[in-house]
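Below: the structure, in structure tokens.
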Amino acid sequence: MNWSEFFAMKGYAWYIWGSYGMALLIFIIEIVMVRHRKMLTLQQLQLMRNAEDDMT
Amino acid sequence: MAINWFKYSSPSTFYGVAGKMVPWFAWSAAILFVAGLYISFFVAPTDVQQSEAYRIMFIHVPASILSMFIYLVMAGYAALGLIFNTRLSSMMASALAPTGALLAFLSLWTGALWGKPMWGAWWVWDARLTSELILLFLYLGFIALHASIDDPRRADRASALLAIIGSVNVPIIYFSVQWWNTLHQGASVKFTGTSMHVAMQQGMYTMMLAVWLYAIAVSLLRVRCIILERECKAQWVSELVEVRR
Amino acid sequence: MKPRQRKFVYIIFALVALGTAVGLVLYALNDNISLYFTPTQVLNKEAPQGRGFRMGGLVVTDSVKRQSDGLTVHFSITDTAKSMPVVYKGFLPDLFKEGKGVVVHGKLEAGNVFRADEVLAKHDENYIAPEAAYAMKQAAKGQSAVNAASSVNAPITK
């Protein structure tokens with residue numbers, strides 16, 4: 001079996017790679033969004049803490 | 001020896017525990033994805049009826065089953081939060097919802113791409129497809145309802161009710177192919193065994209486990225964010241190393 | 001009863017009530033939720049008259065006949081009890097085969113002929129490797145079970 005034959009998937013390439021491509025895209029987007037959310041939250045908390053430190 | 005479970009149900013303890021667990025789940029998920037894809041594309045043979053197109057199954061079935069399972073777990077956590085007033089269970093429910101919604105969407109997407117070449121239609125309003133679409137809207141409704149109420153405790157209670165009511169839909173999805181005439185085929189994964197070649201089964205179960213572990217890892221990451229956001233005034237949060245920088 | 005227990009009872013009660021309600025609604029809507037009617041139902045006039053509906057079943061073996069225009073196809077659909085002739089003009093899905101499941105949309109015409117405007121193939125939940133299918137065919141032809149078993153690389157769990 002050669003690679004171009006493998007990627008052609010007997011004519012079902014668009015459907016199969018479309019499915020797995022979307023799966024990959026979803027997983028990547030989800031991970032990026034969660035990491036981004038963590039970064040924002042920590043920034044917010046650091047700001048809050050610094051503001052508190054300034055007051056005392 | 002009695003383990004003090006309530007110790008683990010306090011957000012401050014769980015924040016640390018979850019942080020330690022994430023890499024384990026994430027790495028085992030990654031390894032299983034590689035193994036699962038290898039079995040799915042290089043070991044599993046071509047199907048007699050559907051040729052190569054059936055290989056969409058290896059992502060479609062895990063996404064569909066987990067979208068239903070995560071909904072039940074989410075509703076369970078939401079119910080616990082409602083009954084015992086535990087903050088952490090409600091946070092877990094909120095952390096699971098986006099992952100469940102994405103998997104429900106993935107299930108519909110891969111289903112459409114599978115349906116077009118095999119059935120001849122991207123979409124039909126049959127009971128299985130429609131009830132899975134309702135599941136996606138239940139997830140979105142849960143997220144939207146929670147976001148629309150400012151007071152987090154009230155948001156928890158309102159969305160918990162929606163989650164619990166919506167859980168009726170899960171058995172409907174599962175049994176729809178038995179109860180009504182549908183275009184969607186019957187269940188390949190049954191309580192009594194499967195109607196599938198062994199290598200195909202191995203591929204599917206490996207992929208399912210991989211998606212499962214991925215879902216746990218990403219929900220734990222998300223619940224850590226939610227804990228920090230909602231406990232931002234607590235002493236222990238301001239003492240965290242990552243906050244003190 | 002403690003408030004916590006009362007809440008628990010309420011939730012259980014609400015779920016049971018809701019489940020019953022949904023069950024009754026689904027039961028009442030049974031025919032509308034089903035995607036298609038079987039030929040038996042159609043012949044019993046249970047299908048809607050004068051408007052389009054879906055009919056499903058298996059394509060009768062040796063019933064598929066193509067007209068000379070290359071597009072119009074005649075075949076029969078059976079639910080193993082009754083069968084119904086269908087006329088369809090258009091492209092058929094990859095999985096359309098004699099003896100396999102199919103769901104058609106269209107109208108009933110005079111003389112109990114179903115004129116379809118859409119044909120969808122319905123596949124089953126069995127996934128079989130070609131060599132296993134070949135072995136099963138050979139076994140069915142009456143070859144010795146030993147031969148068939150040795151040509152199956154991996155057993156099929158059923």
Side-chain angles (χ1 to χ4, degrees), chain A, chain B residues 22 26 29 33 37 40-42 46 50-60 62-63 95 98-99 101-103 105-107 109-118 207 211 214-215 217-233 237-240 242-245:
Chain A
M1 187 185 69
N2 62 40
W3 285 103
S4 61
E5 207 176 290
F6 173 78
F7 284 114
M9 279 285 146
K10 293 194 183 140
Y12 295 111
W14 279 109
Y15 302 108
I16 294 179
W17 304 126
S19 298
Y20 285 88
M22 180 54 84
L24 188 70
L25 193 69
I26 280 181
F27 293 152
I28 289 173
I29 287 178
E30 194 179 14
I31 291 168
V32 167
M33 279 179 69
V34 170
R35 296 188 81 116
H36 184 69
R37 183 173 178 177
K38 187 182 175 185
M39 201 191 72
L40 285 181
T41 313
L42 284 177
Q43 268 177 6
Q44 201 72 38
L45 286 169
Q46 277 157 14
L47 282 179
M48 274 171 66
R49 196 188 140 80
N50 290 343
E52 255 173 51
D53 286 353
D54 289 347
M55 274 194 288
T56 49
Chain B
V22 167
F33 267 125
L37 286 172
S40 305
F41 280 97
F42 298 104
T46 308
Q50 307 188 35
S51 176
E52 305 293 350
Y54 93 96
R55 292 190 199 275
I56 294 174
M57 171 188 83
F58 296 118
I59 189 69
H60 176 74
T99 304
L102 283 172
L103 287 175
F105 169 75
L106 187 59
S107 155
W109 176 273
T110 53
L113 284 173
W114 193 2
K116 185 60 185 169
M118 290 299 103
M207 287 296 280
V211 177
Y214 164 81
V218 80
S219 325
L220 285 178
L221 275 176
R222 196 179 285 113
V223 84
R224 271 164 64 89
C225 293
I226 296 176
I227 290 174
L228 286 184
E229 284 162 15
R230 290 179 56 172
E231 303 276 298
C232 59
K233 301 226 168 59
V237 171
S238 59
E239 280 166 5
L240 283 172
E242 51 263 55
V243 178
R244 267 206 280 188
R245 262 180 303 201

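None of the values given here were measured: they were computed from a predicted structure. We name chains A, B, ... by the order of the sequence lines, and we start the count at 1 in each one.
In this structure, the portion of A:Met48 lying under 4.5 Å from any heavy atom of chain B is its side chain and not its backbone. Heavy atoms of A:Tyr15 lying under 4.5 Å from chain B belong to its backbone as well as its side chain. Heavy atoms of B:Thr46 lying under 4.5 Å from chain A belong exclusively to its side chain. For B:Glu231, no part lies under 4.5 angstrom from a heavy atom of chain A.
Here the straight-line distance linking atom OG1 of A:Thr41 with atom CD1 of B:Ile227 works out to 11.5 Å at 0.5 Å rounding. Between A:Ile16 atom CD1 and B:Ile59 atom CD1 the span is 13.0 Å, to the nearest 0.5 Å. In this structure, CZ in A:Arg37 is found 5.5 Å from SG in B:Cys225, a value given to the nearest 0.5 Å. Rounding to the nearest 0.5 angstrom, the gap separating the CD atom in B:Glu52 from the CD atom in A:Glu5 is 9.5 Å. For the atom pair B:Ile56 CD1 and A:Tyr20 OH, the distance stands at 7.5 Å (nearest 0.5 Å). In this structure, CE in A:Met33 is found 13.5 Å from CG in B:Leu221, a value given to the nearest 0.5 Å.
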Given the rule in the side-chain contact (heavy atoms from CB on, under 4.5 Å) test, do B:Cys232 and A:Gln44 qualify, once you have shown the distances and angles that lead to the verdict?
-> CA-CA 9 Å; B:Cys232 59; A:Gln44 201 72 38; over 6 Å; no
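The shortest heavy-atom contact between A:Arg49 and B:Ser238 is NH1-O, 2.9 Å. Residues B:Tyr214 and A:Glu30 share a closest heavy-atom pair of OH-OE1, 2.6 Å. A:Met22 and B:Trp109 make their closest contact through CB-NE1, 3.2 Å (heavy atoms, listed as atom of the first residue, atom of the second, distance).
Per-residue counts of heavy-atom pairs under 4.5 Å with chain A were compared for B:Leu37, B:Val237, B:Val218, B:Leu103; the largest is that of B:Val218. Of the residues considered (A:Ser19, A:Gly11, A:Ala23), A:Ser19 shows the highest number of contacts with chain B, using heavy-atom pairs under 4.5 Å.
Note: B:Phe41 and A:Phe6 have perpendicular aromatic rings, judged against thresholds of 30 and 60 degrees for the angle between ring planes.
A side-chain contact (heavy atoms from CB on, under 4.5 Å) with A:Tyr12 holds for exactly one of B:Met118, B:Gln50, B:Lys116; it is B:Met118.
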